[in-house]
Amino acid sequence: MNSNPLYRKKLLASAIAVLSGSATVALAQDDAFNGAVLEEIVITSERREVNLQETPISATVLTGDSLIQKGVDNVDELQQVAPSLAINTYNRSTFINIRGVGIAQSAPTSNPGVAYYIDGVLIPHEQFIGQSFYDIGAIEVLRGPQGTLTGQNSTGGAIYVTTPKPHTDEFSGSIDQTLGSYGWSRTQVGANLPLATDVAALRIAGVYETRDGWVDNKGPSTGMDPGSSDLKSMRANLLLTPTDSQTYNFRYETFDYETGNIAVKDRNDPNDDPFEISYDGRGYLDQKGYRASVEGRWDFSDNLALRALYSTQDGYTKDQTDGDRTSTAPAIPTGLPASGANRALYPGRISRAQTDFETDILEVNLISEGNETVNWVAGAFFMSDDVPVILERDNYNTEDFDTSNSTIQAEAKNTSKSVFGQIDANLSEALQLTFGARYSEDEQVYTRFALPGPPPPNCFPCDTTQESDKVTGRLGLNFFASEDTMLYGTLSRGYKAGGVNLDPRQGVFEPETNDVLELGVKSELFDSRLRVNADVFYSDYADIQFASLRALFGPPLPVTENAASASAYGFEVELTGAFNALGFNVGLSYLNATFDEDVVLNDTNAGANNTVEAGDTLPFSPDITFNAGIQYDFEVGDGTLIPRLQISHIDDQLATPFDHPETRVDSRTLLDAKLTYLPTDELMIEGFVTNLRDEEYVASQIQNSSSATGGPIYGAPRQFGLRAVYNF
C-alpha cells in the first residue's frame with residue numbers, strides 16, 4: 001500500500017465520503033469516461049455559462065453522450081440516473097417530482113411544481129415536455145427551489161434541456177438508429193450546415209419513433225393498440241452572428257405524437273396477468289403542436305450583455321378512453337336518464353377530451369460576467385397563457401364516442417409577470433456570496449361555459465379570478481477550502497401560483513411555497529479523476545396543492561385544494577470516476593417527507609373526505625433512490641469494446657396522500673446491460689438489454705376521475721435491442 005500520508009488522507013476521505021453517503025455529484029460531460037480526467041461541467045440555467053462545481057446548486061448534469069451511455073431515451077428514464085427524482089407519465093401528462101415536491105395529478109387550472117425549459121424557453125404545461133427528447137446537448141436537473149432565475153412553478157426544482165448549438169466551422173451530422181423488442185424503431189438525424197463563414201449556420205434535427213404496446217388487449221376493441229406510440233418531431237435552429245457583439249438564434253420545433261392511449265389495468269380484472277387487459281372501447285391520444293422562438297444577445301463590452309427571448313407555443317391534446325376499463329360493463333340503455341343511480345348500475349362509458357394551449361413568453365436579461373469581484377444578472381419575465389378545455393362523457397356507448405351526456409367546457413387565461421436579480425460577489429479569494437430575489441404577480445381568470453349537473457346560480461358563462469404574488473429567491477455562501485473543494489450553504493424559496501377550481505362553488509386555491517436550507521460540498525480528488533459532491537437539506541413545504549375529486553351539487557368534479565404544511569429532510573450523493581479505461585458513476589438519495597399536522601382532504605378511493613395525519617408520508621416521496629453504472633474500455637484491434645452494467649432502485653411511494661392498495665407504487669430495482677463497439681471514431685454499434693431480470697413492477701397508479709376508472713400501469717418487461725450511431 002502507498003505509504004504517502006497525503007495519498008492515504010485522500011484515499012480515506014474518498015472512502016468515508018462514498019460509504020457514508022455524504023456526497024453529491026453532477027455527472028461529467030462529453031468523453032469524461034474515456035479520458036484521464038473528468039471534464040469541467042458547464043451549466044446555463046444561471047443565464048450565463050458557469051462551472052457547476054463553483055455554483056451553490058445541487059444538480060445532475062447529463063450531456064448527449066452521457067444519455068447515450070446510460071441508455072436514457074425519454075423523460076421518464078431520467079429518474080433512473082438522477083437521485084431524488086420521481087417521474088410518472090400517464091394520460092396526457094408527465095408528472096415530475098423532486099424531493100417529493102412537484103405535482104401529483106393535473107387539474108385544468110393547476111400547474112407543475114418543477115419548471116421545465118428547452119433552450120431557455122419555459123414549457124409551462126406538463127403535457128408537452130416528452131415530445132422533444134432527441135438530439136440533446138445537455139440536461140440539467142436542479143434540485144430544490146429555483147425561485148430567482150426560474151421563478152414561478154419551481155417549488156420542487158427545475159429541468160433545463162439544451163440542444164446542440166449550430167456552428168459555422170464545418171458541415172457535420174449524425175444518424176442514430178435503434179431497433180428493439182415490441183416493434184420499437186427509433187430514427188434520429190441531425191445536421192449542422194454552415195451558411196456563411198463566421199456569420200450564419202443552421203442545425204436541423206428530427207426523430208421518427210414507433211413502438212407497439214407490451215400489453216395485449218383481449219377485449220373486442222378494434223381501436224389502436226393501448227401503449228403503442230408513433231412520434232414525428234423536428235426542429236431547426238438558425239444562428240446569425242452579423243458582428244462579434246451580436247448573436248441571434250431563430251428556433252422552430254413541431255411535433256406529432258399519436259398513441260393507442262395508456263394501458264391501464266382494471267383493478268377488478270379477474271385475469272391477473274399484468275400485461276393483459278380487456279377493453280371494448282377505442283382509445284387514442286393525439287398531441288400536436290409547435291414552438292417558435294427568437295433569442296438575441298448583444299455584448300456591449302467584455303463584462304456586460306443584454307439577452308432577450310420571445311417564444312410562442314401552440315399545441316393541443318385530444319384523447320378518447322374506455323372509461324370503465326373493461327369489455328363487460330354495460331352502457332345505460334337508450335331511453336333511461338344518465339342519473340347517478342343508472343351510472344352505477346350501467347358503468348360502461350366512453351370519455352373524450354381536448355385541451356388547447358396557446359402561450360406567449362418574453363424574457364429580458366441584463367448580464368454582467370467576467371468581473372473578478374462582482375457579477376450579476378437582472379431581468380424581467382412575462383407570460384400570457386390561454387387554455388380552453390372540453391371534457392365529454394358518453395354513458396350510452398362503450399365502443400366509440402357518439403354524443404356527450406356530460407360536458408365540461410371552460411377556459412383558463414393565465415398571466416404571469418416578474419422582475420428578478422442575482423448578485424455573485426467575491427468577498428475574498430476563498431469566500432463568495434450569492435443573493436437573488438424575484439417578485440412575481442400571477443393572475444388566473446377561469447370562465448365556465450358548461451358543467452354537468454345542476455348549473456351554479458347566474459352561471460354560463462361565469463368567471464372567477466385568482467391573483468397571487470410572492471417574493472422568492474436564494475441566499476448562498478460559498479467557501480473554497482482549496483482549489484478542488486467548495487463548501488456551500490443556501491436558503492431558497494420557491495413558489496407556485498394559486499388558481500381557480502372548475503365549479504365556482506368550490507372556490508379558489510392559494511399559492512404553495514417551499515423554503516429549503518441546504519448545505520453541501522463539491523470536491524474533485526486524484527487529480528480530477530474522481531468527483532465527489534454532497535448535500536443535506538431541510539424543506540418547509542406550505543399550502544401544498546393537491547388535485548382530487550369532490551361532489552357538491554352533482555357528479556364528482558376535479559378540485560384542487562390546499563393541504564396542511566409538510567417538512568422533509570434528506571441527503572443526496574453522486575460520484576463519477578474516470579481512471580483510464582475504467583469509468584463508473586453512483587447516485588444515492590435519502591428522503592423523509594411527511595405532513596406536519598392533521599388535514600382533511602378528499603380521498604377518491606374512499607369516496608369521501610378523510611384525515612391525513614401528521615407524520616403521514618408525502619406523495620411521490622420514495623425514501624431511497626439509487627443508481628450506479630460501471631464500464632471498462634477494452635482495446636480490440638483498431639477499435640474499442642465497452643461492456644456496461646447499470647442498476648437503478650426507487651423505493652416505495654404513494655400516488656396520493658392516502659395509503660391504499662390503489663395508491664401504492666411498489667419499489668423496483670432495474671438492471672440494464674449493454675455492449676458497445678467503437679470500430680472508428682465515427683461509428684458506434686451497440687447491443688442492449690433493459691430490465692435484464694424481467695422484473696414485474698407498477699410504474700404508475702392512476703386514480704379515479706370523473707371520466708375514467710383508475711388502475712395501475714405496469715412498467716416495461718425485459719427488452720432487447722440494437723443501436724447504431726454514425727457521425728459525419
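Since this is a predicted model, take the numbers as computed values, not measurements.
With sequence neighbours left out, the ring-ring contact (aromatic ring centres under 6.0 Å, His included) criterion links H649 to no other residue. Under the side chain to side chain donor-acceptor pair (under 3.5 Å) criterion, S707 pairs with S705, not counting sequence neighbours. Legend: residues meeting side chain to side chain donor-acceptor pair (under 3.5 Å) with T210, ordered by chain and number and at least two apart, are absent. F381 pairs by the ring-ring contact (aromatic ring centres under 6.0 Å, His included) definition with nothing, not counting sequence neighbours. When the ring-ring contact (aromatic ring centres under 6.0 Å, His included) test is applied to Y316, no partner is found at least two apart in sequence or on another chain. A search for side chain to side chain donor-acceptor pair (under 3.5 Å) contacts involving T359 returns D385, not counting sequence neighbours. For Y117, the ring-ring contact (aromatic ring centres under 6.0 Å, His included) partners two or more places apart in sequence, or in a different chain, are Y160. For S648, the side-chain contact (heavy atoms from CB on, under 4.5 Å) partners are Q80, N627, L670, not counting sequence neighbours. For Y252, the side-chain contact (heavy atoms from CB on, under 4.5 Å) criterion is met by T254, Y290, A292, not counting sequence neighbours. In this structure T355 satisfies the side chain to side chain donor-acceptor pair (under 3.5 Å) test with no other residue, sequence neighbours excluded. With sequence neighbours excluded, the residues that form a side-chain contact (heavy atoms from CB on, under 4.5 Å) with V72 are L67, K70, E77, L78, V81, F133.
Among residues at least two apart or in separate chains, salt bridge (Lys or Arg N to Asp or Glu O under 4.0 Å) pairs with a member in residues 131-142 are D135-R203.
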